[in-house]
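Below is one structure, written out as structure tokens; the observations come after it.
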There are 2 protein chains.
Amino acid sequence: MKRSRPAKPVSVKDVAANSGVSFQTTSKVLNGKGSVSEQTRKRILSAATDLGYVPNILARSLVTRSTQAIGLVASNFSDPNLSRFIVGAEQEARRQGHAVIIASIEPDGTGGHRAVRALIERRVDGIVLADSPAEEDARYARLMKHQIPIVSLHDVPGGGLLTVGSDHVQTGLLATRHLTDLGHHRIGTITGPHRGRVAQSRLRGYRQALGEAGLADDLTLVEESDCQISGGFEATRRLLSRRPDLTAIFAQNDTMAIGVLSALDTLGKDVPEACAVVGCDDIEMAAYTRPPLTTVRVPFYETGEEAIRLLLRMIASGSSGVRGTLLPVQLIARASSGAGLSLFRPSK
Amino acid sequence: MKRSRPAKPVSVKDVAANSGVSFQTTSKVLNGKGSVSEQTRKRILSAATDLGYVPNILARSLVTRSTQAIGLVASNFSDPNLSRFIVGAEQEARRQGHAVIIASIEPDGTGGHRAVRALIERRVDGIVLADSPAEEDARYARLMKHQIPIVSLHDVPGGGLLTVGSDHVQTGLLATRHLTDLGHHRIGTITGPHRGRVAQSRLRGYRQALGEAGLADDLTLVEESDCQISGGFEATRRLLSRRPDLTAIFAQNDTMAIGVLSALDTLGKDVPEACAVVGCDDIEMAAYTRPPLTTVRVPFYETGEEAIRLLLRMIASGSSGVRGTLLPVQLIARASSGAGLSLFRPSK
DNA sequence: CTAGAACGAGCGAACGTTCGTCCACTACAC
DNA sequence: GTGTAGTGGACGAACGTTCGCTCGTTCTAG
């Protein structure tokens with residue numbers, strides 16, 4: 001009745017006062033615990049809806065020592081791959097009744113340390129790390145002593161963190177083998193930054209496929225780039241000025257592959273006739289480039305879901321006995337490799 | 001000294017015990033308030049770092065009634081435009097010391113109501129709504145009585161919410177006027193879902209430009225779609241089968257424009273010679289399509305920043321006296337309209 | 001009839017903070 | 001010597017919950 005001006009949100013005590021019971025009993029009813037008579041139950045429940053009661057999760061968390069919230073540190077929310085990962089993670093978290101607090105790092109790759117600390121201050125139950133620069137940041141290790149469950153998309157030095165993801169060696173292998181199977185002998189590749197573990201693994205798969213086909217593994221075939229469209233564009237021009245004889249390019253991610261297609265267009269090279277192109281990741285765009293892009297599907301959405309499942313399992317079990325997962329990848333043949341319209345089937 | 005097993009996080013009381021003062025004094029030192037002698041100050045500070053003290057923001061929020069967190073409801077985190085908006089919002093929020101809790105809605109567009117409630121349960125200081133289906137959801141109005149500051153990217157019925165964004169009429173106007181300036185007379189358009197306010201405004205701009213140029217405003221020129229690449233693809237085929245005489249298409253967002261380019265390619269129509277294409281939004285991809293896409297730049301990143309600034313201003317001022325903002329848009333001429341390589345300058 | 005179970009509800013304590021008030025002391029001018 | 005500032009720090013209370021214990025009543029079985 002005598003509310004003060006700033007409309008202080010109604011608490012369980014207000015509900016209790018309105019239904020003539022103790023606030024503890026009210027709490028029990030609202031959580032469906034304890035035994036309460038049907039009559040007072042209804043009285044409390046209707047008082048709660050009348051007053052528009054909304055529980056305060058902060059207060060609850062304080063006593064239960066669980067926030068039902070997980071933190072998500074990501075290097076770049078607008079990267080299409082990471083986006084899919086985040087969507088998968090968020091949806092799985094929601095299904096399991098958890099909120100997601102996001103924390104981004106600086107564009108220059110720093111600040112992951114700060115982000116993790118901010119999340120710990122908010123007492124998240126666990127953290128998902130999708131922060132590639134973290135691979136080089138030793139300060140993460142210091143945070144680990146806080147004993148908070150963490151699942152990471154990348155390896156972190158000294159962390160011993162649980163990782164999720166897909167088999168990147170296999171990814172590079174499938175993409176490159178697809179090209180050797182089609183009879184290509186001079187296959188260049190454009191990688192992400194070499195310091196990244198993912199780039200290293202994909203490169204290893206590329207080399208393995210070359211080896212299987214009895215092809216020489218030549219350093220002039222490899223060009224490093226930055227995972228941006230523009231980076232793929234420029235790397236293609238560098239690569240082709242060094243090796244104009246290439247008949248195929250394996251771009252180690254679809255975003256760069258778009259730059260590759262664009263560069264080949266400006267150079268007057270038809271795809272796939274003059275130069276075949278294979279990408280990686282299978283972003284939505286890949287099916288709509290000109291020509292449509294052959295690529296290896298990496299299940300980022302599912303990886304996000306899996307990250308949350310693992311994390312929640314760690315939380316439930318006290319971080320013990322949970323093993324990381326490696327999700328399978330799959331070749332998607334389209335026109336950019338000259339195989340999309342044929343009866344070509346990837347050799348598993 | 002006598003810690004129990006599960007490594008309960010160290011609290012301000014632990015720090016106090018380790019430095020021989022009351023925990024309230026410790027709290028003051030840690031927050032730089034009150035007057036404390038330099039000697040005990042140092043003692044407390046070093047005890048805090050020794051013990052690895054991390055403040056519990058939950059407890060703080062409980063008493064200060066402010067979580068320094070804002071909620072972000074988005075319909076689709078992997079949409080490139082929304083991604084940019086979210087990045088802008090997150091970065092601005094972080095700069096101002098606020099965390100961001102994300103909440104997505106169901107793929108079918110429902111659940112915005114549930115998301116907002118979940119955020120209120122977590123007592124966020126304010127909410128940013130980037131949820132287009134909300135425009136039709138009357139239940140949002142019910143939540144408004146909770147008096148939480150909200151800034152929305154879209155109009156919400158009965159909400160009277162503060163909105164941010166850009167001038168969508170102007171967007172449609174600039175894009176279409178660009179085409180009429182180039183001499184096109186038969187200009188089709190592919191819109192987003194008609195129930196959306198954004199689509200309506202852009203369509204109005206389109207019609208206004210046609211009017212300015214003395215062109216008839218024909219219903220057969222308008223095709224509704226779904227903002228997906230595939231939707232743009234199919235809409236183009238429908239549109240051209242009805243009106244094969246079109247010389248230009250204005251796609252009301254870049255994602256659909258990619259589908260338009262792809263469809264024109266399959267139909268054997270050269271862009272821009274046989275059919276010019278103009279998009280909207282200026283996603284990163286737009287500069288790398290074949291041919292590069294003429295579009296209208298919509299400042300989503302800046303809109304995200306502005307949303308947070310407005311929200312924080314509302315929170316600080318008790319929601320009074322804050323006005324929404326409209327950010328300017330800008331034509332980006334590229335090759336898909338046949339103007340990119342010329343000396344063409346957009347009027348205005 | 002009575003012992004004990006089962007039920008319904010109350011109550012104190014705790015979670016980790018912040019905030020305002022109060023107290024004890026030192027120091028200084030009168 | 002007393003009065004008055006000022007300083008350093010203690011302390012109680014509150015924020016909104018959950019949890020476990022206690023206690024009185026009613027029901028049921030012996």
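Fair warning: this is a prediction, and the values are worked out from it, not measured in the lab. In what follows, chains carry the letters A, B, and so on, assigned in the order in which the sequence lines appear, proteins first and then strands, with residues in each chain numbered from 1.
A heavy-atom distance below 4.5 Å is found between the side chains of A/Val156 and A/Leu129. Taking 4.5 Å as the limit, some side-chain heavy atom of A/Arg94 sits within range of a side-chain heavy atom of B/Arg114.
Taking every heavy atom of both residues into account, B/Pro55 and A/Arg123 meet most closely at O-NH1, 3.3 Å. Looking at every heavy atom in both residues, A/Leu62 comes nearest to B/Leu58 through N-CD2, 4.5 Å. Between B/Ile105 and B/Gly112, the closest heavy-atom pair is CG2-CA, 3.6 Å. When all heavy atoms of B/Val124 and B/Ile148 are compared, the pair lying nearest together is O-CD1, 3.3 Å.
Of the side-chain N and O atoms in A/Ser22, none sit less than 4.0 angstrom from OP1 or OP2 of C/dC11.
For the pair B/Leu58 CG and D/dT18 P, the interatomic distance rounds to 14 Å; values are reported in whole Å. Rounded to whole Å, the distance from CZ on A/Arg123 to C1' on D/dT17 is 17 Å. Atom pair A/Lys42:NZ and C/dG8:C1' shows a separation of 17 Å (rounding to whole Å applied). Protein atom CD of A/Gln68 is 16 Å distant from nucleotide atom P of D/dT17, rounded to whole Å. The separation between B/Asn56 atom CG and D/dT17 atom P is 17 Å, rounded to whole Å. Between the P atom of D/dG12 and the CZ atom of B/Phe23 lies a distance of 10 Å, rounded to the nearest Å. Per the geometry, CG belonging to A/Asn31 stands 9 Å off C1' belonging to D/dT17, to the nearest Å. At whole-Å resolution of the value, CZ in B/Arg122 and P in D/dT17 are 14 Å apart.
Near DNA chain D, meaning a heavy atom under 4.0 Å away, the residues from residues 60-67 of chain B are B/Leu62, B/Val63, B/Arg65. DNA chain D lies under 4.0 Å from at least one heavy atom of each of the following residues of residues 32-41 of chain A: A/Lys33.
Between the side chains of A/Asp125 and A/Thr67, at least one donor N or O lies within less than 3.5 Å of an accepting N or O.
Within the 3.5 Å criterion, the main-chain N or O of B/Ser11 finds a donor-acceptor partner in the side chain of B/Asp14. Between the side chain of A/Glu302 and the backbone N or O of A/Leu327 there is no donor-acceptor pair closer than 3.5 Å. Using modelled atom types, one side-chain atom of B/Ser83 and one backbone atom of B/Phe77 make a donor-acceptor pair closer than 3.5 Å.
Residue contacts shown for A/Ser11 are limited to sugar-phosphate atoms, with no base heavy atom under 4.0 Å away. Residue-level contact check: B/Ser27 touches the bases, meaning some heavy atom is under 4.0 Å from a base atom.
Heavy-atom nearest nucleotides on DNA chain D were determined for B/Val21 and for B/Ala59, and the one closer to the 5' end corresponds to B/Val21.
Taking a 6.0 Å sphere around CD of B/Gln39, one finds it holds 12 or fewer heavy atoms contributed by other residues, nucleotides or ligands. For B/Arg95, the CZ atom is densely surrounded, since the number of other residues' heavy atoms within 6.0 Å is greater than 12.
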Might you list the N or O atoms of the protein lying below 3.5 Å from N or O atoms in nucleotides 20-27 of chain C, with each pair's distance?
unit_1 : atom_1 : unit_2  : atom_2 : d
C/dG20 : O6     : B/Lys28 : NZ     : 3.0

